[in-house]
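For reference, the structure is listed below as structure tokens.
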Amino acid sequence: MSGRQLLVAQAALVGGVLTALFVKEFPGIVRELRIYRMTGGLRAHRRYP
């Protein structure tokens with residue numbers, strides 16, 4: 001196995017792990033974004049000092 005093939009294999013492995021982590025965490029991220037929008041987002045500093 002050449003160095004280039006090894007780098008491609010490592011990149012594919014890291015990409016797969018990152019994709020799996022993102023898919024696993026996606027529902028929580030969506031929920032947090034929804035809560036953030038309901039509380040006012042960036043404009044909330046007027047309401048919540």
Side-chain angles (χ1 to χ4, degrees):
M1 180 177 267
S2 71
R4 180 169 295 195
Q5 288 174 329
L6 183 62
L7 284 175
V8 169
Q10 287 177 342
L13 182 65
V14 169
V17 168
L18 289 177
T19 301
L21 183 64
F22 179 75
V23 167
K24 180 178 175 283
E25 294 295 328
F26 187 71
I29 293 169
V30 170
R31 184 177 64 243
E32 292 293 329
L33 284 173
R34 189 173 296 141
I35 291 169
Y36 178 72
R37 287 191 354 221
M38 285 192 313
T39 58
L42 291 173
R43 299 166 296 164
H45 62 84
R46 289 175 286 181
R47 262 182 279 154
Y48 307 108

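Heavy atoms only: backbone and side chains are in, while hydrogens, waters and symmetry mates are out.
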So, using side chain to side chain contact (heavy atoms under 4.5 Å, CB included) as the criterion, who are the partners of [X] when residues are at least two apart?
X: Val17; value: none
X: Glu32; value: none
X: Leu13; value: none

How far does [atom1] of [X] sit from [atom2] of [Y], to the nearest 0.5 angstrom?
X: Met1; Y: Leu7; atom1: CE; atom2: CG; value: 10.5 Å
X: Thr39; Y: Ile35; atom1: OG1; atom2: CD1; value: 8.0 Å
X: Gln5; Y: Gln10; atom1: CD; atom2: CD; value: 12.5 Å

